[in-house]
A.B. asks: 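Sharing a structure below in structure tokens format, with a few things to ask.
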Protein chains: 2
Amino acid sequence: MVTLAEVAQHAGVSASTVSYVLSGKRSISANTRQRVERSIRELGYHPNAGARALASSRSNIIALMIPLRTDMYVPVMMEIAIAVATTARTHGYDVLLLTGEEGPDAVRRVAGSGLADGMILMDVELDDERLPLLRATDQPSVLIGLPSDTTGLTCVDLDFRATGALCVEHLAKQGHQDVAVIGEAPAVYERHTGFAERTLDGLRSRARELGVRLLHRPCEGGYDAMAVTLARILDERPDTSGIIVQNESAVEPLLALLRQQGRAVPEDVSVVAICPDQVATQASVRLTSVSLPAQEMGRHAVEHLVAKLAGRGSDEVVLLAPELTVRSSTGPAPSRP
Amino acid sequence: MVTLAEVAQHAGVSASTVSYVLSGKRSISANTRQRVERSIRELGYHPNAGARALASSRSNIIALMIPLRTDMYVPVMMEIAIAVATTARTHGYDVLLLTGEEGPDAVRRVAGSGLADGMILMDVELDDERLPLLRATDQPSVLIGLPSDTTGLTCVDLDFRATGALCVEHLAKQGHQDVAVIGEAPAVYERHTGFAERTLDGLRSRARELGVRLLHRPCEGGYDAMAVTLARILDERPDTSGIIVQNESAVEPLLALLRQQGRAVPEDVSVVAICPDQVATQASVRLTSVSLPAQEMGRHAVEHLVAKLAGRGSDEVVLLAPELTVRSSTGPAPSRP
DNA sequence: ATAGGTTGTCGAAGCGCTTCGATACCTATT
DNA sequence: AATAGGTATCGAAGCGCTTCGACAACCTAT
């Protein structure tokens with residue numbers, strides 16, 4: 001283990017000089033800087049993280065709390081996590097992975113121990129139990145997701161209300177009057193996950209405005225659950241000509257079932273998905289969809305947090321505008337017989 | 001920020017006593033222990049991570065390097081990552097998330113800075129460029145995956161060779177003579193990812209032993225790519241009656257295509273998948289499959305690493321035995337006309 | 001020639017913890 | 001009664017770094 005002192009000695013300067021070369025917090029002559037940098041290279045010096053953290057009371061670590069449950073949006077979570085990690089690195093931060101398991105205690109632990117300088121919380125619920133703690137410890141943080149009360153918080157999320165509205169609009173514009181919404185698993189709604197409720201909100205209010213009849217049904221993923229859900233929907237509203245899906249693992253089963261029943265997409269039924277682009281483009285029908293900008297969310301979250309840590313940046317809610325990409329799963333509503 | 005010294009003063013003991021209460025490295029009278037613990041609780045004390053790391057030269061952090069690419073096995077990666085994080089916590093460790101992006105440099109940085117006490121590498125390639133470094137720095141580490149040269153390394157992986165063999169056996173036992181293998185994306189093979197090559201190895205050698213004709217074709221995920229691949233396979237080997245898929249995102253497209261072509265599963269074609277159980281059970285046909293024991297791998301990796309860090313544990317290769325679960329996608333081969 | 005500013009470097013004081021003797025007391029042994 | 005061995009506690013030394021104040025050495029403007 002090479003230490004700062006050894007580098008200093010090797011370069012013939014004092015330890016503090018080396019430190020200032022490293023941090024750039026005081027001006028150093030070009031000559032000295034080069035000598036020091038050379039010594040660093042020759043000795044293979046790496047600053048010791050613990051010592052640094054102790055002396056500067058900054059760990060250069062960002063904590064990322066991801067949900068323990070993997071019942072939804074796994075690839076999206078992963079994409080966000082990776083975006084967070086890579087963006088953080090470009091700002092000189094590393095990422096500590098916390099699972100939801102510990103719950104609020106993790107916030108206490110991380111804030112208390114100075115393990116991380118700030119944290120990013122994913123999968124925030126409308127009334128999340130971690131929020132009071134977050135406010136109390138004034139731990140710099142950014143949420144991915146939107147709780148019901150955002151005072152004193154910085155949040156980044158897709159504008160799901162606008163997303164819902166956008167989906168309905170697209171179908172309405174093509175003449176669809178009866179639209180079914182296939183949602184996330186019931187548990188997601190019971191848990192009051194913000195994005196699910198806000199999507200529904202957007203869907204409903206826009207539908208009301210446009211005179212579209214909307215039928216919302218939660219749905220566990222998978223083929224069997226989808227079969228039951230679809231049957232019920234068509235039973236209740238036989239004239240359904242548009243379907244909006246917000247559940248990755250229901251997408252392909254839905255398409256398979258429609259095909260099996262002889263309902264052509266988009267001739268008989270139009271389908272709009274709210275899902276990652278990858279799912280939309282790889283499905284058996286290229287789906288018209290609103291994509292989940294996972295990377296962008298991760299990047300934004302880190303950048304806001306870094307700004308906060310630098311003393312810049314303020315509490316703020318950033319809602320990313322949804323974009324609907326038209327592919328081949330939507331078309332004009334069939335004329336009623 | 002409450003410090004050790006403040007706790008000591010509050011409890012009327014010396015700082016070292018508090019430290020020993022916390023670490024249990026020396027015996028402390030029940031009386032003193034209780035007083036100290038009470039003070040800790042009352043003051044809401046949390047040991048400072050940096051100071052601890054500096055003094056003890058242990059960070060209680062495990063680094064987890066996950067691949068940057070998300071072109072395959074995303075849910076599996078996520079499941080492993082979560083298993084690693086939760087298991088690590090039960091041993092008092094936190095997990096630092098490193099993406100493949102930095103490549104070998106990350107190993108150098110983490111090892112050099114003492115940021116982490118040990119590391120777990122995922123997605124290890126047969127001839128991984130991180131391995132020489134790992135050996136050189138004698139950083140305690142565990143690989144998830146199996147490189148070609150494992151000397152001096154600890155590895156955990158599913159026994160993919162046995163997995164391949166098992167799939168062929170299952171089909172052969174049911175009388176299938178012509179079996180097609182739909183593999184990962186070509187890039188995965190070009191990159192010499194261990195698991196893909198070893199699966200192929202197991203498939204081929206067992207097929208040879210059992211006199212089964214095997215045709216292997218890599219396949220990008222998605223419906224379109226699958227359509228092309230399947231057409232080629234059936235063109236080249238019209239008598240194909242068994243299909244083995246090792247590519248999550250090809251599973252559902254494959255089933256859809258077979259259905260569309262009027263080939264019943266399992267009456268006309270038997271399908272065996274190598275994929276997470278969730279995929280196998282949620283597909284439109286409940287798939288006979290060999291599951292990827294993601295959780296178990298994550299758990300194992302952490303436990304080996306923790307053992308190493310504690311001075312116990314040795315270099316060792318652990319191959320988890322595959323388990324084939326028969327569901328409804330396989331049956332006897334159809335009799336030839 | 002001198003006061004006032006810069007610029008570049010150093011020394012020393014910690015940051016909050018762990019850990020290694022040293023010490024003091026108590027019980028068991030001879 | 002003297003000694004050995006435990007048990008419980010303390011004090012002090014450092015872990016490797018950052019950062020602040022001090023101070024030369026130099027430059028510029030009077």
Side-chain angles (χ1 to χ4, degrees), chain A residues 1-37 39-40 43-61 92 109-117 309-310, chain B residues 1-37 39-40 43-61 92 109-117 309-310:
Chain A
M1 264 261 77
V2 188
T3 69
L4 227 212
E6 291 170 322
V7 173
Q9 191 173 0
H10 186 271
V13 298
S14 76
S16 50
T17 300
V18 177
S19 178
Y20 286 122
V21 167
L22 250 31
S23 69
K25 292 193 178 171
R26 283 203 185 169
S27 51
I28 296 286
S29 68
N31 182 351
T32 307
R33 161 178 285 103
Q34 280 164 18
R35 274 217 322 288
V36 170
E37 280 168 352
S39 298
I40 288 177
L43 300 179
Y45 168 72
H46 282 271
N48 178 64
R52 204 164 236 203
L54 177 56
S56 65
S57 28
R58 282 174 140 284
S59 63
N60 283 302
I61 289 179
R109 191 167 62 85
V110 169
S113 66
L115 228 188
D117 296 334
L309 292 175
Chain B
M1 263 261 75
V2 187
T3 69
L4 227 213
E6 290 170 322
V7 173
Q9 191 173 0
H10 185 271
V13 298
S14 75
S16 50
T17 301
V18 177
S19 178
Y20 286 124
V21 167
L22 250 30
S23 68
K25 292 193 179 173
R26 282 200 184 171
S27 50
I28 295 287
S29 68
N31 182 351
T32 306
R33 161 177 286 105
Q34 280 164 20
R35 274 217 321 287
V36 170
E37 282 168 351
S39 298
I40 289 178
L43 300 179
Y45 168 71
H46 282 272
N48 175 58
R52 205 167 234 200
L54 176 56
S56 65
S57 29
R58 283 175 138 286
S59 64
N60 283 300
I61 289 178
R109 190 168 62 84
V110 168
S113 66
L115 229 189
D117 297 333
L309 292 175

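Below, chain A is the first sequence line, B the second, and so on; all start at residue 1.
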A.B. asks: Measure the shortest side-chain to side-chain distance between A:Y45 and A:L22 over non-hydrogen atoms and say whether it is less than 4.5 angstrom.
C.D. replies: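 The answer is yes; the side chains approach within 4.5 Å.
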A.B. asks: Grab the two heavy atoms, one from B:L309 and one from B:D117, that are nearest each other, plus how far apart they are.
C.D. replies: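 Here B:L309 and B:D117 meet closest at CD2-O, 3.3 Å.
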A.B. asks: Nearest-Å distance, CD1 (B:I28) to P (D:dG6)?
C.D. replies: 18 Å
A.B. asks: Scan nucleotides 10-18 of chain C nucleotide by nucleotide, 5' to 3', and note B when protein non-hydrogen atoms come under 4.0 Å of the base, S if they reach only the sugar-phosphate, - if neither.
C.D. replies: BB--BBBBB
A.B. asks: Considering the options B:S57, B:P47, B:S59, B:S23, which one meets the side-chain contact (heavy atoms from CB on, under 4.5 Å) requirement together with B:R52?
C.D. replies: B:P47
A.B. asks: Can you measure B:R35 atom CZ to D:dA8 atom P for me and round it to whole angstrom units?
C.D. replies: 14 Å
A.B. asks: Mind checking whether A:N48 and A:T3 have side chains closer than 4.5 Å, heavy atoms only?
C.D. replies: no
A.B. asks: Quick check on B:E37: does its CD atom have over 12 non-hydrogen neighbours (other residues, nucleotides or ligands) under 6.0 Å away?
C.D. replies: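 For B:E37, atom CD is crowded (more than 12 foreign heavy atoms under 6.0 Å).
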